[in-house]
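Working notes for the structure below.
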Protein chains: 2
Amino acid sequence: MAKLKISNTIRRCRFDADEMTQKALAEKVGVTRQTIIAIENAKYSPTLELAFQIAEVFGKPLSDVFTYEP
Amino acid sequence: MAKLKISNTIRRCRFDADEMTQKALAEKVGVTRQTIIAIENAKYSPTLELAFQIAEVFGKPLSDVFTYEP
DNA sequence: TCTACATGTAAGATATATTTGACTCTGAGT
DNA sequence: ACTCAGAGTCAAATATATCTTACATGTAGA
């Protein structure tokens, strides 16, 4: 799968959510800190399930956290 | 990652979209027919990128095609 | 009946996401 | 100066998504 066309606002969401740390977010969604870093920096595309879980943590719809630019 | 909590309306979307076939959908998003089958039947969670591409084919927001039940 | 197509399943291979552990760097506090 | 927490990187291992190929079934049409 080619270049990633997905951007996200996780970093902003974390700070809006009382400056939640990467580690804290990772623990809430049940993955490691490295996975959160990789997703924040758009190193690869997460599974849909993980994307939903992250959005849920912030109480936002998935489309507020992840956006796709074709 | 545990049991899948994601359901989808791909099958309905395909029929609404002039009875688009699994093969046709697969070609439009650049994956194989088996991948579409597996996702339709919720065998596993697709990548976020693929989910966005599928929703785009139907001209719908991702949340209309995939829903997450915590 | 015969053919073609849509759908489903399955096994083995490959690609990618995720984990684990270690290391570095910077900024805030003491 | 020292420590600590947050953030980032890297390499190797594991888990999962995706591919390839092949086969089976049901249904529609010639």
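These numbers were taken from a predicted model, which means no experiment stands behind them. Naming convention: chains lettered A, B, ... in sequence-line order (proteins, then strands); numbering from 1 in each chain.
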Starting at atom [atom1] of [X], determine the distance to atom [atom2] of [N], rounded to an integer number of angstrom.
X       : N      : atom1 : atom2 : answer
B:Glu49 : C:dA15 : CD    : C1'   : 13 Å
B:Leu48 : C:dT18 : CG    : C1'   : 16 Å
A:Glu27 : C:dT18 : CD    : C1'   : 16 Å
B:Tyr44 : C:dA10 : OH    : P     : 14 Å
B:Ile6  : D:dA17 : CD1   : P     : 10 Å
B:Ile39 : C:dT7  : CD1   : P     : 15 Å
B:Glu19 : D:dA28 : CD    : C1'   : 13 Å

Original post:
For B:Phe66, what residues pass the ring pair (Phe, Tyr, Trp, His ring centres under 6.0 Å) criterion, not counting sequence neighbours?
Top reply: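 None.
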Original post:
ring pair (Phe, Tyr, Trp, His ring centres under 6.0 Å) with B:Phe58: which residues, sequence neighbours excluded?
Top reply: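 With sequence neighbours excluded, B:Phe58 shows a ring pair (Phe, Tyr, Trp, His ring centres under 6.0 Å) to no residue whatsoever.
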**OP:** Would you please name every residue forming a side-chain contact (heavy atoms from CB on, under 4.5 Å) with B:Gln34, sequence neighbours left out?
**Re:**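 For B:Gln34, the residues satisfying side-chain contact (heavy atoms from CB on, under 4.5 Å) (neighbours in sequence not counted) are B:Thr32.
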**OP:** Check side-chain contact (heavy atoms from CB on, under 4.5 Å) between A:Glu56 and all other residues, then give those that pass, not counting sequence neighbours.
**Re:**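 Checked A:Glu56 against side-chain contact (heavy atoms from CB on, under 4.5 Å); matches are B:Tyr68, B:Pro70.
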Non-hydrogen atoms of [X] and [Y] that approach each other most closely:
X       : Y       : answer
B:Leu62 : B:Ala55 : CA-CB, 3.7 Å
A:Thr35 : A:Tyr44 : CA-OH, 4.1 Å
A:Ser45 : B:Thr47 : OG-CB, 3.9 Å

Subject >> Residues that B:Arg11 engages under salt bridge (charged side-chain N to carboxylate O under 4.0 Å, His left out), provided they are two or more places apart >> reply: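 Applying salt bridge (charged side-chain N to carboxylate O under 4.0 Å, His left out) to B:Arg11 gives B:Glu40.
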Original post:
Is there a donor-acceptor pair closer than 3.5 Å between any side-chain N or O of B:Asn8 and the backbone N or O of B:Ile10?
Top reply: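 Yes; at least one donor-acceptor contact below 3.5 Å.
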Original post:
Once each nucleotide of nucleotides 4-10 of chain D is scored for protein heavy atoms under 4.0 Å, what B/S/- sequence comes out, 5' to 3'?
Top reply: --SBBBB
**OP:** Indicate whether OP1 or OP2 belonging to C:dT18 is found under 4.0 Å from a side-chain N or O atom of A:Thr47.
**Re:**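 The answer is yes; a side-chain N or O of A:Thr47 sits under 4.0 Å from OP1 or OP2.
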Subject >> Any residue meeting side chain to side chain donor-acceptor pair (under 3.5 Å) with B:Thr67, in chain and number order, not counting sequence neighbours >> reply: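 With neighbours one apart ignored, the set is B:Ser7.
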Original post:
Sequence neighbours excluded, which residues qualify as side chain to side chain donor-acceptor pair (under 3.5 Å) partners of A:Ser63?
Top reply: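 In terms of side chain to side chain donor-acceptor pair (under 3.5 Å), with neighbours along the sequence ignored, A:Ser63 is linked to no residue.
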Original post:
With a 4.0 Å cut-off on heavy atoms, is A:Thr35 in touch with a base, just the backbone sugar-phosphate, or nothing at all?
Top reply: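 The answer is base, as A:Thr35 lies within the cut-off (heavy atoms under 4.0 Å) of a base atom.
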Original post:
Looking at five pairs on each end of the helix from C:dT1-D:dA30 to C:dT30-D:dA1, what is the angle between the two axes, given to 10 degrees?
Top reply: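 Computed from the C1' atoms at both ends, the axes differ by 30°.
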Could you go over nucleotides 24-30 of chain C and give all protein N or O partners under 3.5 Å, atom names and distances?
none

